[in-house]
Amino acid sequence: MRGLDERPLSAEQAVAGLLGSWGVEDAELARLTADERLARFHHVAAGLRAVLVLDNAGSEAQVRPLLPRAGRLLVVVTSRRALAGLEGVRRVTLGALSRRESAALLRAVVGAGRVDAEPGAVDVVTELCGHLPLALRVAANWAATRTDWSLERLAGRLADEDRRLDALSAGDLKVNSAFALSCSRLAPEAARMFRLLSLLPAGDFSPAPAAVLAGVPLPDTEDLLEELLEAGLLMTSRQGRYRLHDLLRLYAAARRRSEDGQERSLAARSRLRHWLLDTAVLAGRWYEPDYGMPPADPGRLVALEDREQAARWIRAEGDSWLAAYREAAAHGEHARVVEVAEAMHWFSDHWVSWGHWVEVYERAATAGAALGDAALEATHRNYLAWAYWACARRHEEAVEAATSALRLARAAGDVRQHAWAHAYLGWLWDAADDLSLAADHYLRAAELFSAADDVNGYLQVSCGMIRVLRGAGRAGAAVETCAGIMDTLADPRHRDRIPPNVREFTVLTALYAVSFVHLDEERWKEAVEALRAIRGQFDSRGWHKQAGKVHLHLAHALARLGEREEAAAEYRAVLAMEGDAPADVRDEAFAGLAALAAGRPAPLTRFTQ
């Protein structure tokens, strides 16, 4: 929970992360409000028989929403604060280890023979470590790798080190002696690396940012990190990453300030910031229509050979590049801020549940204004409109941001951003079921995108128009719009102008929308063609509601065409989704199967998206 960090993990971020780790897809999380995510969290948690550990909590507000309401989930919270405001919990105060427990920890790491042979030295070592597990582990690791040292010699070294160390907040002075003992045996390069790691903003890290901080080649960095790991000053984390314990981070920072000074620390921090933001731009541009694969660079520290690698880096280093982004904003690096935000624009649709896109685009809009560039500010206020609604369900603020973007784009004479402002307003009023106003904005956006020769924008607006035209009772126009989308996608002039992810999503969105038009008109064959083409695609994206409706509506249409066996298979596909498909969709599938068994098609209900 990062309770000691400047920005601890919020309860909402913890909920999103846990749901994601429990198999709830990002696309589904993106459609849920904060309250709906919390409700889904408790629904899933109630079905688990498990232990959930919320480590290093900083406040009651972080923890309270995550406490179980039903079921057999046991939540264990660790904190350096009492969290006295939590109700209905059992508190266990963990002080230092007992003398016996401390000796047992040493015995487990150093070996029973050496520990039992020097009981007096063991008492001194454990006392000098304050009977704290981390300090004991570090000291024991040090002794275990130096078999020619007696524990009495270790005790003497610990006592001597204590005299020259600064105090460490969150622990006894003697705790520092265990840390210092391990540091004193490090090679100078490894000791410098340890100090520099305190500048990393995230809880865990890969070797690449450590190499940037130290300014050494990646293979050498990996060797240094392994030396720190062997010394007990680092821990391993997930997927080849490392973690620096928060107490060791504080200690490393104190040593860095003392030994490296402010100038060298600032230079290392600046080097890391620029590298993180450079890499974020390259990774994000994989999803940009005008960029794609970055230029070859044999010296690049991370693999960005395809979109999946780029996405993995953006997600894994999200905390790090966001911290660098904030730092750039604080330094007034306005052009840098908007560059990073622009590079993330198309990718952000693939990580809607991240929780920081509103901040990213608020900062970018502010930077555009600071640069005095109305078109740039309009661009990022458009993106901000998307973030307010798609990520935070703040409709009023989203409309305000898009309206502001419209005004700025007109003033700047920027046709593309003028079009996008209308597109976002159409989308927002469509979401509010004001179809007339939505249609006005969509039509104006389509005109402007055509004038600007922006095919990607034109496609997005056209998909929205299918739903609006259906709502207005203009089925023929809706079908024609879908046909126009498919023609545009097939046009060889646009082959390299439409990124694969945009192409795939456009087909999925357009065919899903037009399927409802065919179903309304009882054009069962056309509905089957559209739904067969997208069957399984929502499932793979985690859009369970839409996935269930594709299977259900395909079954209805097949049943009316007399394709009873395939229809039954589609009904069963809905039921196989169990808790993922909405209850009303499952109920319709049950009714459909029963109707087929009775030799009649299922009674139709109103088709809703």
message: With a sphere of 6.0 Å drawn around CZ of R497, does it hold more than 12 non-hydrogen atoms of other residues, nucleotides or ligands?
response: yes
message: A quick test of your reading: do over 12 heavy atoms of other residues, nucleotides or ligands sit less than 6.0 Å from CD of E565?
response: no
Residues in side chain to side chain contact (heavy atoms under 4.5 Å, CB included) contact with [X], at least two apart in sequence or another chain:
X    : answer
V415 : L448, A452
A283 : L304, A310, W313, I314
Q13  : L9, S10, H356
P499 : P289, R307, N456, N501, V502

Any sub-3.5 Å donor-acceptor pair from [X]'s side-chain atoms to [Y]'s backbone N or O?
X    : Y    : result
H441 : A421 : no
W357 : W351 : yes
H395 : L428 : yes
E36  : T33  : yes
R586 : A581 : yes
E400 : E396 : no
Q62  : G58  : yes
E526 : E522 : no

On a heavy-atom basis, which atom in [X] and which in [Y] lie closest, and how many Å separate them?
X    : Y    : result
L435 : G471 : CD1-CA, 3.5 Å
P65  : F41  : O-CE2, 4.4 Å
V358 : A392 : CG2-CB, 4.3 Å
V337 : A364 : CG1-CA, 3.8 Å

- prompt: Could you go step by step and tell me if L489 and L459 meet the side chain to side chain contact (heavy atoms under 4.5 Å, CB included) rule?
  reply: CA-CA 9 Å; L489 290 169; L459 289 170; 3.8 Å; yes
In the structure I gave you, are the side-chain heavy atoms of [X] and [Y] within less than 4.5 Å of one another anywhere?
X    : Y    : value
S21  : L19  : no
R523 : V479 : yes
K545 : V585 : no
L425 : D440 : no
L575 : L593 : yes
M1   : L66  : yes
L406 : Y424 : no
Y388 : E362 : yes

Looking at [Y] and [X], is any side-chain nitrogen of the basic one under 4.0 Å from a carboxylate oxygen of the acidic one?
X    : Y    : answer
R535 : E566 : yes
E447 : R444 : yes
D35  : R393 : no

Would you compute the distance between atom [atom1] of [X] and atom [atom2] of [Y] and round it to the nearest 0.5 angstrom?
X    : Y    : atom1 : atom2 : value
S237 : Y242 : OG    : OH    : 11.0 Å
K525 : L558 : NZ    : CG    : 13.0 Å
Q546 : L508 : CD    : CG    : 9.0 Å
L277 : L282 : CG    : CG    : 11.0 Å
D26  : H350 : CG    : NE2   : 10.0 Å
R69  : H42  : CZ    : NE2   : 3.5 Å

Sequence neighbours excluded, every pair satisfying salt bridge (charged side-chain N to carboxylate O under 4.0 Å, His left out) that has a member inside [range]:
range            : value
residues 470-487 : R470-D520
residues 421-432 : D430-R467
residues 310-326 : R2-D319, R241-E317, R326-E359

query: What residue among W354, F347, W275 forms ring-ring contact (aromatic ring centres under 6.0 Å, His included) with W321?
result: W354
message: Enumerate the ring-ring contact (aromatic ring centres under 6.0 Å, His included) contacts for residues 458-488, please, sequence neighbours excluded, ordered by first and then second residue.
response: none
- prompt: Which residue pairs pass the ring-ring contact (aromatic ring centres under 6.0 Å, His included) test when at least one of the two sits in residues 570-597, sequence neighbours left out?
  reply: H556-Y571
task: Please say which of H422, H418, Q417 ends up in a side chain to side chain donor-acceptor pair (under 3.5 Å) with N382.
output: Q417
- line: Taken in chain and number order and not counting sequence neighbours, the residues that satisfy ring-ring contact (aromatic ring centres under 6.0 Å, His included) with H553 are F516, F607
message: Looking only at side-chain N and O atoms, does D349 offer a donor or acceptor that is under 3.5 Å from a partner on W386?
response: yes
message: Show, in sequence, the C-alpha distance, side-chain angles and deciding distance for R37 and S353, and conclude whether the side chain to side chain contact (heavy atoms under 4.5 Å, CB included) test is met.
response: CA-CA 10 Å; R37 288 182 188 178; S353 65; 3.8 Å; yes
message: Test side chain to side chain contact (heavy atoms under 4.5 Å, CB included) on M486 and L511; report intermediate values, then the result.
response: CA-CA 9 Å; M486 298 306 162; L511 291 181; 3.6 Å; yes
Pairs of donor and acceptor atoms involving the side chains of residues 338-345, under 3.5 Å and at least two apart or interchain, shall be tabulated with distances.
residue	atom	partner	partner atom	Å
E339	OE1	R336	NH1	2.9
E342	OE1	Y383	OH	3.0
E342	OE2	Y383	OH	2.9

- request: Report the residues that fulfil side chain to side chain donor-acceptor pair (under 3.5 Å) with H551, sequence neighbours left out, ordered by chain and then residue number.
  value: D539, E570
message: Walk me through whether V517 and S515 qualify under side chain to side chain contact (heavy atoms under 4.5 Å, CB included).
response: CA-CA 5 Å; V517 180; S515 73; over 6 Å; no
- request: Step through it carefully: locate the ring centre of W420, locate the ring centre of F449, and say whether they are under 6.0 Å apart.
  value: yes
